[in-house]
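Proteins come first, then strands; the chains are lettered A, B, ... in the order of their sequence lines, and each starts at number 1.
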Amino acid sequence: MSDTLYDKLGGEAAVDAAVDIFYRKVLSDDRINRFFEGVDMDNQAAKQKAFLTLAFGGPNSYSGKDMREGHAKLVKEQGLNDEHFDAVVENLGATLQELNVPAELIQEAAAIAETTRADVLGR
Amino acid sequence: MPQLTVDGKTYALGDKESVLNCLTRHNISIPHSCGSGICQSCVVRAVEGKPTPASQKSLKPSQRERGVFLACSCVPEEDLHIQLGDEASRTFSTTVLSLKKLSQDVMRLRLNCPSDFKYRAGQYINLHHPVAGTRCYSLASVHGLDPHLELHIKLVPQGLVSSWVHNELAVGNTITISEPLGDCHYNPDKPDAPMLLIATGCGLAPLYGIIRDALHNQHRGEISLYHSSRSKTGIYLYQDCEGLQAKHENFRYIPSVSEDEKIPDGLHAGRSSDLALQQHRALKDYQVYLCGEPEMVNTTKRKAFLAGASMSAIHSDPFVYFSPTN
Ligand SMILES: Cc1cc2nc3c(=O)[nH]c(=O)nc-3n(C[C@H](O)[C@H](O)[C@H](O)COP(=O)(O)OP(=O)(O)OC[C@H]3O[C@@H](n4cnc5c(N)ncnc54)[C@H](O)[C@@H]3O)c2cc1C
Ligand code: HEM
């Protein structure tokens, strides 16, 4: 059996290495940081970890329905749209680049994130 | 909406309602204090159903396995059958050894350290008041260095427990405290890491303990303490911190006041968090400690993280207090 992207990237250790970098990028990105203004940063960091595990094709317990419900309020009340989605994917790519992940694996991660677009944006 | 079953009765939870709020709404009273998932006084146990991860994250693995969770932090996602009582953290009975005013509004309370009370400086305990319930106070003493436990308690206007400590408690009185809680303490695995410690008010208590613990452990990295108060009456332990600075080359002490018009000799102007972040701009590899006003702690946490500190290297205790209006 061939390794999944998650294994190729280095599993949970890779996610842990990426969380700080990714979360820092998101908080510094004025296009999207307002979505992440949560007071409890530890909680938010845990959610970033869930996001990255998912984008890396790792073990996760989220269904398309969960993604839809999890972001529904953001779509309805804060106008979450394609532009924001693209920004998140861009930050994901930049994070992996910073970790010297080969380009084809970055593309794989972006493609996995892409499969959630309709659910995340509630379409 | 999920349902909550207690003592054979079932209640419907309201929208986004916590277990604690639901119990209170039905006049079922359980101990509680901070309402923010910190003091752990509202622990209960789920005998059926799964409590939310958020309501268990600060508890020990053994407690989590038994279904123990914090009622204030649990907005159930499924039906829960809960049991009250017996789950509260272990308590210790101790006596007051001394009471000494460190400044106009800060009291140093020294307690006898019970023989099986193991803690790390910077953790906190719940102090039990005969009627007002419990309040959290941080440990400024160092296990293995001080024979006693030490707390620094600031007088809060109309504060039930702080004014009781300031005005009524006397040497020789017996009081009850919980086991030590929290994980804001020195990390001996990083002896070379620079440490940046930022406090407002009695946030100095845990940090003073952590610094003495670090120095006691021969910490080699640079240690910088920023302590501020609105006015100079809130600056306490000045001589002691100066003394530590004179004795230890790697320790720097920067006390400041943020609202006095005239800055007294030896103090700086501004908030501890502002001064600290101005003087330390890149925080990669730092261990950062933040204690005191919740607003300062939360904004500084974010800024420290953006300045390069790793989330896992930021240790903090916001001194949240229960406010009847929110
Ligand atoms: C983890 C943790 C550690 C703590 N460590 C310490 C410590 O080392 N030293 C210390 O002195 N305190 C510490 N505190 C705060 C302490 O637990 C109490 O909240 C504080 O002493 C007030 O209790 P009280 O019974 O005197 O006031 P209460 O009777 O609870 O409050 C009286 C009124 O004052 C308001 N109030 C309470 N505190 C404040 C405040 N700071 N600013 C403005 N209004 C307020 C309340 O909302 C209420 O209306 C800590 C809190 C936490 C969560
Ligand atoms: C790229 C595809 C995306 C995926 C795979 C994804 C995945 C996730 C996951 C797994 C969670 C955690 C859910 C939980 O455990 O509570 C989450 C939460 C969250 N997501 Fe996304 N997400 C995506 C896009 C976005 C975008 C574009 C935004 C906004 C710019 C966003 C904002 C949020 C916020 C704010 C939360 C936290 C909600 C809360 O605090 O409850 N997400 N996301």
Side-chain angles (χ1 to χ4, degrees), chain A residues 10 12-54 59-63 65-74 76-78 87 91-92 94-95 98-100, chain B residues 15-16 18 34-38 50 52-59 64 70 72-75 77-78 182-184 273 277 281-290 293-320 323 326:
Chain A
E12 195 180 349
V15 173
D16 286 338
V19 162
D20 269 1
I21 302 175
F22 177 71
Y23 188 25
R24 202 171 281 130
K25 285 195 193 303
V26 166
L27 285 182
S28 319
D29 187 337
D30 289 334
R31 292 173 296 177
I32 49 173
N33 53 13
R34 65 187 168 92
F35 292 100
F36 300 91
E37 297 276 311
V39 200
D40 185 357
M41 285 185 67
D42 295 301
N43 247 336
Q44 284 290 331
K47 286 183 179 161
Q48 307 295 333
K49 191 169 169 176
F51 163 79
L52 289 168
T53 306
L54 207 150
N60 72 78
S61 48
Y62 294 102
S63 62
K65 183 165 160 277
D66 291 336
M67 282 297 97
R68 189 168 283 271
E69 285 172 0
H71 298 88
K73 238 180 126 177
L74 304 175
K76 213 169 111 206
E77 291 170 15
Q78 298 189 58
N91 283 307
L92 172 67
T95 301
E98 209 170 307
L99 290 166
N100 297 319
Chain B
D15 187 29
K16 300 248 160 61
S18 70
C34 76
S36 324
I38 290 174
K50 234 176 110 46
T52 57
S55 67
Q56 293 192 300
K57 71 173 183 196
S58 59
L59 301 175
R64 277 184 239 156
L70 303 180
C72 73
S73 316
C74 184
V75 177
E77 284 161 6
E78 55 182 86
D183 43 24
C184 184
S273 49
L277 294 174
R281 292 190 179 270
L283 299 180
K284 190 172 175 299
D285 300 327
Y286 271 69
Q287 293 286 317
V288 179
Y289 292 86
L290 310 168
E293 279 166 76
E295 190 269 324
M296 182 286 282
V297 169
N298 291 324
T299 44
T300 310
K301 195 169 182 182
R302 183 188 172 102
K303 287 182 184 166
F305 175 66
L306 290 176
S310 163
M311 271 303 282
S312 60
I314 306 178
H315 317 271
S316 64
D317 271 338
F319 285 6
V320 289
S323 162
N326 69 18

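More than 12 heavy atoms of other shown residues, nucleotides or ligands fall within 6.0 angstrom of atom CD in A:Gln78. Within 6.0 Å of atom NZ in B:Lys303, 12 or fewer heavy atoms from other residues, nucleotides or ligands are found, so the atom counts as exposed in its surroundings. Enclosure of atom CD in B:Glu77 is not indicated, since only 12 or fewer non-hydrogen atoms of other residues, nucleotides or ligands lie within 6.0 angstrom.
The backbone N or O of B:Ala307 lies less than 3.5 Å from no partner atom in the side chain of A:Arg24, so there is not a single donor-acceptor pair.
Each of A:Val19, A:Ile21, A:Asp16, A:Leu27 has some count of heavy-atom pairs under 4.5 Å with chain B, and the biggest count is that of A:Leu27.
For the atom pair CE of B:Met311 and NZ of A:Lys49, the computed distance is 12.5 Å after rounding to the nearest 0.5 Å.
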